[in-house]
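Comments concern the structure below.
Each ligand, and each atom within it, is numbered from 1 in the order the structure gives. Just so it is clear, the structure is predicted and the values come from calculations on it, not from any experiment.
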Amino acid sequence: MTIQTKLLSGESGIRQTVELLKRGQCVAVPTETVYGLAADASNDQAVAGIYEAKGRPSNHPLIVHLANSDALPNWATNIPESVERLAEAFWPGPLTLLLRKAEHVSPTVTGGFETIAIRVPDHPVFHRVLAESQLGLAAPSANRYKKLSPTSADQVLNGMKGYISAVLDGGPCEFGLESTILDLTSTQPTIVRSGPIGRAALQKVLGCEVLLPKKHNVAVPGNVEAHYQPNARLQRVSQADMIQRSIDAQTAYVVCSTGMEKQLLDKGIGSTQIADLTTDPVTYAHDLYATLYQFDQLDFGEILVEATPETEDWAAINDRLSRAAT
Ligand code: TXA
Ligand code: MG
């Protein structure tokens with residue numbers, strides 16, 4: 001099935017997006033993390049459309065996005081008192097909270113789980129869509145199943161053209177990596193997906209320890225090991241190995257961070273095949289998916305990524321790179 005995908009923008013784009021969503025269609029929308037594929041979370045058929053467009057198994061739970069935290073009790077129950085403090089500190093923003101779902105919420109959107117993932121995103125265009133539609137919007141990243149998450153409207157079109165009604169262009173995403181997911185349904189708050197908001201910041205607001213498992217729970221469908229994958233084969237290589245090994249200048253693309261461009265050029269690798277994403281994890285995260293996308297457009301080759309530090313401020317990046325390399 002292919003459908004015509006419209007590229008929307010500006011005031012009329014927001015208006016059309018709201019109309020399409022109210023009619024149960026799927027529209028890709030900008031968020032501050034990555035582009036999301038949105039549909040009315042209270043409409044089972046609309047939500048089924050997300051799974052179909054992505055080619056994603058229907059037992060993979062989705063995040064429900066809200067305009068603000070006022071509507072939280074419509075979606076979740078047994079809300080711990082810590083949510084108010086977290087919302088105050090981090091919403092709108094790249095933090096998703098895992099809570100008990102309210103009884104009436106359809107299992108279609110939670111993948112059959114009794115829990116629900118909720119976030120209040122921080123993007124002016126998406127905020128308008130949420131506020132004007134007055135809907136809770138289910139939205140996974142706007143990519144085909146297991147592929148890279150898009151950080152611009154162009155990247156969405158590239159992967160999803162023919163599968164969705166429209167893309168609402170809101171410019172490039174501020175963070176470039178998916179939100180942090182914090183599970184509040186067990187006795188100890190646990191990060192189930194690393195993201196822009198780190199453990200230290202969460203602990204400061206919560207005043208208690210937050211768990212950060214080395215391996216995220218693969219029992220949750222969607223939290224699978226092979227994910228966030230470019231078409232090219234991606235390999236992580238230590239700095240020393242990158243300098244020593246022979247690299248095929250015909251097919252290899254290199255993502256580095258510690259300024260080894262000169263040594264790579266000396267190996268005969270073209271400057272357009274090298275990206276230096278810097279030693280700052282925020283800048284690195286912002287450019288990572290966009291760079292992998294760009295390299296995927298150029299050729300079907302091999303992408304070598306210089307290993308990044310194993311410290312907590314790199315946790316989200318290391319998580320995505322390890323899945324991209326599986
Ligand atoms: O930044 C983001 O979070 C982006 C933007 C669009 O908001 N969304 C996003 O959604 O990354 P998605 O579907 O690509 O990843 C959400 C992950 C799922 O893979 C799943 O593991 C977890 O969130 N998740 C969602 N609901 C859950 C639930 N009820 N229980 C456990 N995990 C859940
Ligand atoms: Mg995703």
Side-chain angles (χ1 to χ4, degrees), residues 26-39 41 47 50-51 53-66 75-77 90-102 105-123 125-127 129-130 136-151 155-156 159-160 167-168 170 173-186 190-197 213 215-229 285 289 316 319-320 323-324:
C26 297
V27 181
V29 294
T31 90
E32 79 279 35
T33 57
V34 299
Y35 272 71
L37 182 55
V47 174
I50 293 179
Y51 291 108
K54 277 187 67 106
R56 167 164 159 161
S58 60
N59 63 340
H60 289 197
L62 301 174
I63 298 172
V64 175
H65 300 72
L66 304 175
W75 298 93
T77 183
F90 300 112
W91 279 354
L95 177 67
T96 297
L97 299 179
L98 207 52
L99 300 165
R100 296 255 139 238
K101 83 170 183 70
V105 172
S106 163
T108 306
V109 75
T110 64
F113 282 77
E114 285 305 309
T115 52
I116 186 164
I118 297 186
R119 125 175 154 87
V120 175
D122 186 19
H123 192 289
V125 172
F126 192 18
H127 181 78
V129 171
L130 286 162
L137 292 174
S141 50
N143 50 278
R144 297 279 292 165
Y145 184 48
K146 292 199 172 182
K147 294 297 181 189
L148 288 171
S149 301
T151 57
Q155 289 166 20
V156 178
M160 303 291 299
V167 182
L168 177 59
C173 301
E174 181 190 345
F175 289 100
L177 271 197
E178 300 83 357
S179 62
T180 304
I181 305 181
L182 183 67
D183 184 354
L184 294 175
T185 63
S186 56
T190 305
I191 293 174
V192 294
R193 180 175 69 188
S194 297
I197 295 175
K215 271 228 168 258
H216 293 324
N217 181 10
V218 290
V220 176
N223 219 350
V224 288
E225 268 184 52
H227 205 154
Y228 311 111
Q229 300 204 315
Y289 287 149
D319 169 60
R320 304 309 188 277
R323 293 177 206 234

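- Side chain to side chain, Thr96 and Ser179 meet the donor-acceptor criterion of an N or O pair below 3.5 Å.
- A side-chain donor-acceptor contact under 3.5 Å links Lys54 to the backbone of Asn143.
- The residue among Ala142, Ala138, Gly195, Ser179 with a heavy atom at the shortest distance from atom 3 (O) of ligand 1 is Ser179.
- By the criterion of a heavy-atom distance under 4.0 Å, neither the backbone nor the side chain of His60 is placed next to ligand 1.
- Atoms of ligand 1 lying under 4.0 Å from any heavy atom of Ala139, numbered from 1 in the order shown and given with element: 6 (C), 8 (N), 10 (O).
- Residue-level proximity to ligand 1 for Arg56 is carried by the side chain, the only part with a heavy atom below 4.0 angstrom.
- Ring-plane geometry between Tyr228 and Tyr289 is classed as parallel, the angle between the planes falling under 30 degrees on a 0 to 90 degree scale with a further cut at 60.
- Remark: ligand 1 atoms within the under-4.0 Å shell around heavy atoms of Leu98 are 27 (C), 28 (C), 29 (N), 30 (N), 31 (C).
- Judged by distance alone, the side chain of Arg144 and the main-chain N or O of Gly159 form no donor-acceptor pair under 3.5 Å.
- Using a 4.5 Å cut-off on side-chain heavy atoms (C-beta onward), Arg193 and Thr180 make no contact.
- Among the backbone and side-chain atoms of Ser141, an N, O or S atom lies under 2.8 Å from the Mg ion (ligand 2).
- Per-residue contacts place Ile181 under 4.0 angstrom from the following atoms of ligand 1 (heavy atoms of the residue considered): 17 (C), 22 (C), 23 (O).
- If you number the atoms of ligand 1 from 1 as listed, the ones under 4.0 Å from a heavy atom of Ile63 come out as 3 (O), 8 (N), 9 (C), 10 (O), 16 (C).
- Taking 4.5 Å as the limit, every side-chain heavy atom of Gln155 sits out of range of all side-chain heavy atoms of Tyr35.
- Residue contacts with ligand 1: His65 is placed with a nitrogen or oxygen under 3.5 Å of a nitrogen or oxygen of the ligand (distance criterion only).
- Between the choices Ser141, Gly111, Ala28, the shortest heavy-atom distance to atom 14 (O) of ligand 1 belongs to Ser141.
- Side chains of Arg320 and Ser194: a donor-acceptor N/O pair is absent below 3.5 angstrom, by distance only.
- Using a 4.0 Å heavy-atom cutoff, Lys101 is absent from the residues neighbouring ligand 1.
- Within the 4.5 Å cutoff, the side chain of Arg56 has no heavy atoms near those of the Leu37 side chain.
- Residue Val192 does not touch ligand 1, judged by heavy-atom distances below 4.0 Å.
- Counting the atoms of ligand 1 from 1 in the order shown, those under 4.0 Å from a heavy atom of Thr33 are 1 (O), 2 (C), 4 (C), 5 (C).
- Not a single heavy atom of Pro121 lies less than 4.0 angstrom from ligand 1.
- Between Arg119 and Glu32 there is a salt bridge, with a side-chain nitrogen of the basic residue lying less than 4.0 Å from a carboxylate oxygen of the acidic one.
- No side-chain N or O of Glu178 forms a donor-acceptor pair with one of Ser141 less than 3.5 Å apart.
- Each of the atoms 28 (C), 29 (N), 30 (N) of ligand 1 lies under 4.0 Å from some heavy atom of Thr115.
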